[in-house]
Every structure is written in C-alpha cells, then in structure tokens.
Protein chains: 2
Amino acid sequence: MVKQKADIPSDSDVLERLRAIGLRPTRQRMALAKLLFAQGHRHVSAEDLFKEARANDIDVSLATIYNALHDFTAKGLLRALSVDSMGTYFDTNTSDHHHFFFERSGRLEDIGTDDIQISSLPRAPKGTEVSRVDVIIRIKD
Amino acid sequence: MVKQKADIPSDSDVLERLRAIGLRPTRQRMALAKLLFAQGHRHVSAEDLFKEARANDIDVSLATIYNALHDFTAKGLLRALSVDSMGTYFDTNTSDHHHFFFERSGRLEDIGTDDIQISSLPRAPKGTEVSRVDVIIRIKD
DNA sequence: ATTTGTGCAAATCGTTTGCATCTGA
DNA sequence: TCAGATGCAAACGATTTGCACAAAT
C-alpha cells in the first residue's frame, strides 16, 4: 500500500486553476498551490509554507514563497489577514467568514458567517464603499 | 492673546494619572501622556508620536516612546491594535468600540458599540473565555 | 524571442534589547 | 540610596527589492 498525502489536488486541477486566474503554472507555483489546497482550509504564514515546502523536497526560496502568496492573494485564491503584530497569515478560505483568535498561541480558527449575526452596521462614510467586515473574537487561552 | 494648544491636560492631572496606575511620572512619560491625551481620541503609531514629540521640542528616543506606549497599554491607558500589517496603532479610546479601516490611506476611525449590533455570537471553545470582540469595517477609499 | 518568474543576498521597516548612564522617590 | 527609566546603537524578525539567471509561452 502506497503511503500518500490526502487530497492533494491533481496536477491538472492546479494547472487549470492557475491558468484560469492568469498566472503561469510554474514548477514552484504548482507545488505551492498543491500544498496549500491539499487539506481543508488553513491559515499559513510564509514561514510555515517555506518549512512545509522544504519538508516535501520542494526547492523554493522564501522570496518566491512571498511572491506566490501575494500573487495568489491578489488573484483571490487566498485571503491575507493579520491580527495583532504577529505577521501575516494567508487563509485558504476566501469565502465570507470570521475568526477566533487565540491570544496566547496566536492560532486562528474560522467562524462561518452563519454563526455571527450582525443586525446593524453604521453606513459607510459618504462616497465610500464597504470592502469587507471582519469580526475577530479574541480568546483568552 | 496667547497662542495655545487646546485641552492639554495640566501637569497635575497627568501626574495623578500616572501615579494612579503605578508608573513613575518621569519627564518623558509626562510629556508623552500630555500629547496623547490632549485632543480627543486618536490612533497613533510610535513613529507618529515620535515626530509629534520632536515637533514639540520634547526630547525622547524612539525606544522610550515604545516603552511608554507599551507601559501605558499594559496599564490600560491605551489599547493597541493592528490591522493588516501596517504596524501597531495605539488607540487612546480604551472603551469598548470598533473601527472603520480605510484601506487606501490606512486610517482608522472609531465606531461606537451602539452603532453595531451583534445579535448572535458563537460560544467560545470549552474552557476558554472571550477576551474581546473586534469588528473592523474595511472601507474601499 | 519575449515575457514572466525565480533565487539570492542585500536592503528596509517596525520593533526590541543590552547596557551604561541618569533620575525620581 | 537605588530600583526603575532612559538613550543609544546594535540586534531582530518579517517582508521587500534589485538584479542576473532560468523557464514558460
């Protein structure tokens, strides 16, 4: 029985996905995308992904990780978020949702939009538009 | 008519305030506290305060600014907040409230708790406690 | 052939720290 | 006196950038 990682998207899936958003499917982007979208939704830092890549014998520089992460974010494949000054995390869940933030550990956990009801919001200042509403529930852990 | 800055708290006010929270009212802490609490609520970065101090002929090092800001925060005189990775802002408003975040300019603006009604929140994970709920309305400006 | 991406190392930015020197109580 | 503060410069960690090289179209 062959040992295998769960749910790693196929090369062609990833390739399509990159092409679809207009990014050249290079070796490293493909490899990183496969890692990122392999398991369920995650919150990864550049450093995390760098280590993970090394662990999987993927040879990428940290600069390339940052580039890829930003490119993916710009194209809507990822969502960047930073709470406190603990660096940037990239969330593979790009749908509308919120977060628990565990203050001690710095860990993040998704909260579905259904679990938070905001019944009234102030209107955006005249001439402006709301881009997004982020709710962060900070947890004393 | 003497030109004067509005609402700068008196030396004795500031002195009392510092003593009350157990921080020695040193020359620089006094001066910084006076700047910080002079006008209404504000969101200042360490750098902002540094420049402001220089502009007012207050001789403090940046390290001291950071120390003071953190000390004040630890004692509840300020609240630290960071959105995106634009560094830390210190909010002179320590009461429960939320923020507008203007994405282009990086500016922050307070939103009173009354202006946002959250009707349902998920329970905190077992054994943990909610420290605070932060709502950030991101504005495309 | 052309354009776009990558790697590396150096540069930058915000923030922190070590340590010798001051200063308020 | 003497614990607590300050200033400075060096150290830091995260992120960005400049540029020569490599790979994708």
Side-chain angles (χ1 to χ4, degrees), chain A residues 11-12 14-35 43-54 57-75 77-78 80-90 106 108, chain B residues 11-12 14-35 43-54 57-75 77-78 80-90 106 108:
Chain A
D11 282 33
S12 49
V14 175
L15 196 142
E16 284 316 311
R17 196 144 179 200
L18 291 181
R19 269 204 225 290
I21 57 176
L23 287 179
R24 280 194 191 168
T26 64
R27 199 177 289 92
Q28 24 285 9
R29 293 216 267 233
M30 293 276 289
L32 295 176
K34 287 208 283 182
L35 285 181
H43 304 101
V44 249
S45 68
E47 203 63 39
D48 290 342
L49 189 55
F50 185 52
K51 290 198 193 103
E52 196 173 331
R54 295 209 144 291
D57 296 298
I58 296 165
D59 191 19
V60 265
S61 72
L62 188 50
T64 296
I65 300 263
Y66 275 105
N67 288 336
L69 252 15
H70 286 147
D71 292 344
F72 290 174
T73 301
K75 299 296 188 170
L77 246 46
L78 295 175
L81 68 111
S82 58
V83 188
D84 276 17
S85 26
M86 332 200 61
T88 305
Y89 277 82
F90 295 87
L108 288 164
Chain B
D11 283 33
S12 50
V14 175
L15 196 142
E16 284 316 311
R17 196 143 178 201
L18 291 181
R19 269 204 224 291
I21 58 175
L23 287 180
R24 278 197 195 164
T26 63
R27 198 178 285 91
Q28 23 290 326
R29 291 215 269 233
M30 292 276 288
L32 295 176
K34 286 209 283 181
L35 285 181
H43 304 101
V44 247
S45 69
E47 204 62 39
D48 289 341
L49 188 55
F50 186 51
K51 290 199 193 99
E52 196 173 332
R54 295 209 144 290
D57 296 300
I58 296 164
D59 191 19
V60 265
S61 72
L62 187 51
T64 296
I65 301 262
Y66 275 106
N67 288 336
L69 251 16
H70 286 146
D71 292 344
F72 290 173
T73 301
K75 299 297 187 171
L77 246 47
L78 295 174
L81 68 110
S82 57
V83 189
D84 276 18
S85 25
M86 333 200 62
T88 305
Y89 277 82
F90 295 87
L108 288 164

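Below, all heavy atoms of this structure are taken into account, side chains as well, without hydrogens, waters or symmetry copies.
Across all strands, B:S85 comes closer than 4.0 Å to no nucleic acid atom at all (heavy-atom distances). No contact: B:S45 has no heavy atom under 4.0 Å from any strand.
Nucleotide D:dT6 holds its C1' atom 12 Å from the CG atom of B:L32, rounded to whole Å. One interatomic measurement links the two molecules: CZ of B:R29 to P of C:dA25, which rounds to 10 Å at whole-angstrom precision. Rounded to an integer number of Å, the gap from CD1 of B:I58 to C1' of D:dT6 is 15 Å. To the nearest angstrom, C1' of C:dT6 lies 13 Å from CZ of A:F50. The nearest whole Å value for the distance from the CG atom in B:L62 to the P atom in D:dC8 is 11 Å. When the P atom of C:dG7 is taken as reference, atom CZ of A:R54 falls 10 Å away, rounded to whole Å. In this entry the distance linking CE of A:M30 with P of C:dT6 reads 12 Å, nearest Å. One atom, CG of A:L49, and another, P of D:dA14, lie 15 Å apart when rounded to the nearest Å.
At a non-hydrogen distance threshold of 4.0 Å, B:A63, B:Y66, B:H70 from residues 63-71 of chain B come into contact with DNA chain C.
Here the straight-line distance linking atom CZ of B:R19 with atom CZ of B:R24 works out to 11.0 Å at 0.5 Å rounding. Here the straight-line distance linking atom CD1 of A:I58 with atom OG1 of A:T64 works out to 12.5 Å at 0.5 Å rounding. Atom CZ of residue A:F72 and atom CZ of residue A:R29 lie 6.5 Å apart, to the nearest 0.5 angstrom.
Closest heavy-atom contact between B:F50 and B:V60: CE1-O, 3.2 Å.
B:Y89 places a side-chain heavy atom less than 4.5 Å from the side chain of B:D48. Two residues are said to be in side-chain contact when any heavy atoms from C-beta on lie closer than 4.5 Å; B:L15 and B:M30 meet this criterion. A:K34 has its side chain within reach of A:D11: a pair of non-hydrogen atoms, C-beta onward, lies under 4.5 Å apart. Contact check for A:L108 versus A:L81: side-chain heavy atoms found under the 4.5 Å cut-off.
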Under 3.5 Å, N/O pairs linking protein and nucleotides 21-25 of chain D:
residue, atom, partner, partner atom, Å
D:dT25, OP1, A:R19, NH1, 3.2

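When each of B:L23 and A:M86 is assigned the nucleotide of DNA chain D with its nearest heavy atom, B:L23 is the one assigned upstream, toward the 5' end.
Remark: side-chain polar atoms of A:S82 are paired, donor with acceptor, to backbone N or O of B:D84 under 3.5 angstrom.
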